[in-house]
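Report on the following structure.
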Amino acid sequence: MHSAPARTHDPMCMGCGHANPGNLGVRVWFEGQRVHGEVLLDERHSGAPGYAHGGAIAAIMDDLLGQVLIPLDRPGVTATITVDFRGPALLGRTLSLESWCEKIDGRKLHMRGEIRDGDTLVAEARALFIHVDVSHWEASGQPLPESWQGWGGEAQNA
Ligand SMILES: CCCCCCCCCC(=O)SCCNC(=O)CCNC(=O)[C@H](O)C(C)(C)COP(=O)(O)OP(=O)(O)OC[C@H]1O[C@@H](n2cnc3c(N)ncnc32)[C@H](O)[C@@H]1OP(=O)(O)O
């Protein structure tokens, strides 16, 4: 059963933002605290003829693993991410996405994610996210998404 998120991501997000014409087309849905999704890359994301750029795959991973913050109900930022490229990422194929939180250790959120083309593992990633208060993003002066109000309670910030 898919659950509707209480929070939504930045509409201008480079990965999934519906208001960003240059988005990578990441679509996600939630099942409990797990994130599922899909993406279809095309010639704009080429790294070699017919193959996706590794940076596009890494950006998708960052977005995908960050989405876990929504069901966790904790705002956070990526501190470090490692992407292992395991198989060909072909353009023009619908890739399936999955991410989850493996461990929480205080403010440290250890995330994992996978991208598959059918049964083939294309890439896997692990990342450390750090829980922050939403005031972390106020320095830009841009308005924050309305749904972020009251998100995640208190976190001691940078
Ligand atoms: C989907 C819903 C929307 C979600 C929002 C958007 C998500 C988008 C994801 C992104 O792309 S975020 C953009 C890229 N990331 C950043 O811009 C983060 C920039 N870095 C920072 O702002 C600060 O470095 C950070 C908030 C991550 C940490 O600073 P703090 O001063 O708050 O914490 P501190 O440095 O004291 O570290 C807290 C703990 O984390 C550990 N830590 C921090 N950075 C680390 C690192 N890089 N590697 C390993 N450990 C790290 C640190 O050692 C420490 O461990 P201990 O508590 O055990 O001492």
Side-chain angles (χ1 to χ4, degrees), residues 1-41 44-45 47 52-86 89 94-116 122-158:
M1 182 75 139
H2 301 170
S3 45
R7 319 284 174 188
T8 55
H9 202 340
D10 175 9
M12 284 303 291
C13 172
M14 186 181 85
C16 63
H18 61 81
N20 186 342
N23 74 46
L24 290 165
V26 172
R27 284 198 332 109
V28 297
W29 54 93
F30 302 90
E31 284 183 27
Q33 294 205 326
R34 235 169 157 90
V35 178
H36 298 270
E38 59 186 24
V39 70
L40 172 65
L41 298 177
R44 293 169 301 163
H45 314 113
H53 196 291
I57 297 295
I60 290 165
M61 280 295 197
D62 191 31
D63 192 23
L64 176 65
L65 275 56
Q67 299 282 350
V68 182
L69 299 165
I70 292 175
L72 282 184
D73 208 22
R74 294 178 197 227
V77 289
T78 324
T80 175
I81 184 165
T82 301
V83 180
D84 293 324
F85 298 90
R86 298 292 194 194
T94 300
L95 305 175
S96 58
L97 313 175
E98 190 168 0
S99 60
W100 63 95
C101 181
E102 188 173 56
K103 191 172 84 168
I104 298 177
D105 174 17
R107 292 176 61 208
K108 295 179 196 168
L109 312 171
H110 298 266
M111 310 294 202
R112 298 279 304 273
E114 293 178 352
I115 300 178
R116 291 179 183 273
V122 169
E124 55 188 339
R126 49 187 73 231
L128 174 68
F129 280 69
I130 303 294
H131 178 35
V132 296
D133 188 88
V134 285
S135 60
H136 174 90
W137 289 286
E138 283 172 358
S140 76
Q142 299 277 327
L144 297 178
E146 250 180 58
S147 73
W148 289 18
Q149 280 179 19
W151 186 19
E154 302 272 319
Q156 287 184 333
N157 258 3

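Counting starts at 1 for both ligands and their atoms, in listed order. Note that the coordinates shown come from a computational prediction; the quantities given were computed from them, not determined experimentally.
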>> Taking 4.0 angstrom as the limit and counting only heavy atoms of G66, give me the atoms of ligand 1 inside it, by number and element.
In response: 1 (C)
> Does D62, backbone or side chain, put an N or O under 3.5 Å from an N or O of ligand 1?
Replying inline: yes
> Just wondering, do H131 and P75 contact through their side chains at under 4.5 Å, heavy atoms?
Replying inline: yes
> Closest heavy-atom contact between G76 and F129?
Replying inline: C-CD2, 4.3 Å
>> Could you tell me, atom by atom, which parts of ligand 1 come under 4.0 Å of a heavy atom of L69?
In response: 4 (C)
> Under 3.5 Å, N or O to N or O, is K108 touching ligand 1 that way?
Replying inline: yes
> For T78 and ligand 1, does the shortest N/O to N/O distance drop below 3.5 Å?
Replying inline: yes
> Based purely on interatomic distance, does T80 place a nitrogen or oxygen under 3.5 Å from a nitrogen or oxygen of ligand 1?
Replying inline: no
>> Applying salt bridge (Lys or Arg N to Asp or Glu O under 4.0 Å), can you list everything that pairs with R74, at least two apart in sequence or on another chain?
In response: none
>> To check you understand the geometry: which heavy-atom pair defines the closest contact between L144 and E138, and what is its length?
In response: CD1-CG, 4.3 Å
> Is ligand 1 under 4.0 Å from a heavy atom in the side chain of I130, in the backbone, in both, or in neither?
Replying inline: side chain
> Only one of M111, R34, E31 forms a side chain to side chain contact (heavy atoms under 4.5 Å, CB included) with W100, so which one is it?
Replying inline: R34
>> Please work out, at 4.0 Å between heavy atoms, whether the side chain, the backbone, both, or neither of D63 comes within that distance of ligand 1.
In response: neither
> How far apart are the closest heavy atoms of L41 and L24, and which atoms are they?
Replying inline: CD2-O, 4.0 Å
> Under a heavy-atom criterion of less than 4.0 Å, does G106 contact ligand 1?
Replying inline: no
> Which one of V77, I70, V35, L128 has a non-hydrogen atom at the shortest distance from atom 26 (C) of ligand 1?
Replying inline: V77
> With backbone taken as N, CA, C and O and side chain as the heavy atoms from C-beta onward, which portion of R7 lies under 4.0 Å from ligand 1: side chain, backbone, both, or neither?
Replying inline: neither
>> Could you work out, with salt bridge (Lys or Arg N to Asp or Glu O under 4.0 Å) as the rule, every residue matching R126, not counting sequence neighbours?
In response: none
>> Applying a heavy-atom cut-off of 4.0 Å, say which part of D10 lies close to ligand 1: side chain, backbone, both or neither.
In response: neither
>> So, applying side-chain hydrogen bond (donor to acceptor under 3.5 Å, both in side chains) with R27, which one of H36, H18, E38 is it?
In response: E38
